[in-house]
Amino acid sequence: LYGAIGGTIPDLDVVFNFFTDTITAIEIDRGFSNSICIMHGSHTGMARNKIDAKRIWVGNYGQNCFFWSLIIHPLLDVFTTWGTQLFWSFDIKLAFNSIFVIDLFYTVPFLICCVLLMFYKGDAKRRRLNKIGLFVSTAYLAL
């Protein structure tokens, strides 16, 4: 749940579709909400809540999922054909053009493993499924 929330935050800029024309909304999409500034802001917010660096990296599971999903989302967007403005407010848009924005070969293996691990008890089996999903998706991305 925490990971899903954190991973969704960078895409909340789609709300601008309701307030601007299509071209402006596309320019805003994958802009400030996918930038290092937002990542830094989330990190700073955690630090203000007296969460030290060690707890962010290895501590509370929910905070860990939120933190990593918030960071990984924009980094994965760099690999898509649309790219992202990781260094917003500079006019630099990074796009490695490795995968399409909605690439089922990347998403489905990890999604299947995530759904399966909900039915298993015991950390060892769940971690193994999670690692398999991450490995297959990441291998496809690297390929």
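Remark: Asp77 CG to Lys93 NZ distance equals 10.0 Å, nearest 0.5 Å. Atom CG in Asp103 sits 13.0 Å away from atom CZ in Phe79 (nearest 0.5 Å). The line from OG1 of Thr107 to OH of Tyr140 is 9.0 Å long, rounded to the nearest 0.5 Å. To the nearest 0.5 Å, the span separating CD1 on Ile99 from CG on Leu141 amounts to 5.0 Å. For the atom pair Cys113 SG and Arg128 CZ, the distance stands at 10.0 Å (nearest 0.5 Å). Rounding to the nearest 0.5 angstrom, the gap separating the CG atom in Leu117 from the CG atom in Asp123 is 10.5 Å.
With hydrogens and angles ignored, the 3.5 Å screen pairs no side-chain donor or acceptor of Thr84 with any backbone N or O of Pro74.
Neither Val136 nor Val115 shares a network with the other; the hydrophobic side chains, linked directly or stepwise wherever heavy atoms of I, L, V, M, F, W or Y lie under 4.5 Å apart, form separate groups for each. Residues Ile72 and Val78 share a hydrophobic cluster, clusters being chains of Ile/Leu/Val/Met/Phe/Trp/Tyr side chains in contact below 4.5 Å. Cluster membership check: Phe90 shares its hydrophobic cluster with Leu75, using side-chain heavy-atom separations under 4.5 Å among Ile, Leu, Val, Met, Phe, Trp and Tyr. By the rule that hydrophobic residues join a cluster once side-chain heavy atoms approach within less than 4.5 Å of another member, Trp88 and Val15 end up as members of one cluster. In terms of hydrophobic clustering, with Ile, Leu, Val, Met, Phe, Trp and Tyr side chains grouped at heavy-atom distances under 4.5 Å, Leu134 and Leu116 are assigned to different clusters.
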>> Run the side chain to side chain contact (heavy atoms under 4.5 Å, CB included) test on Thr81 and Phe96 for me, step by step, so that the C-alpha distance in whole Å, both residues' side-chain angles and the decisive distance to 0.1 Å come before the verdict.
In response: CA-CA 7 Å; Thr81 53; Phe96 295 151; over 6 Å; no

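The shortest distance between side-chain heavy atoms of Phe100 and Thr80 does not fall below 4.5 Å. Side-chain atoms of Phe110 and Asn130, non-hydrogen and from C-beta on, do get closer than 4.5 Å to each other. Side-chain contact between Leu70 and Pro10 is present, with heavy atoms from C-beta onward closer than 4.5 Å.
Annotation for Ile92: atom CD1 counts as buried by contact number, over 12 foreign heavy atoms lying within 6.0 Å.
Taking both residues in full, the closest heavy atoms of Arg126 and Tyr120 are given as CD-O, 3.4 Å, listed atom of the first, atom of the second, then distance. Smallest separation of non-hydrogen atoms from Pro109 and Leu104: CD-O, 3.8 Å.
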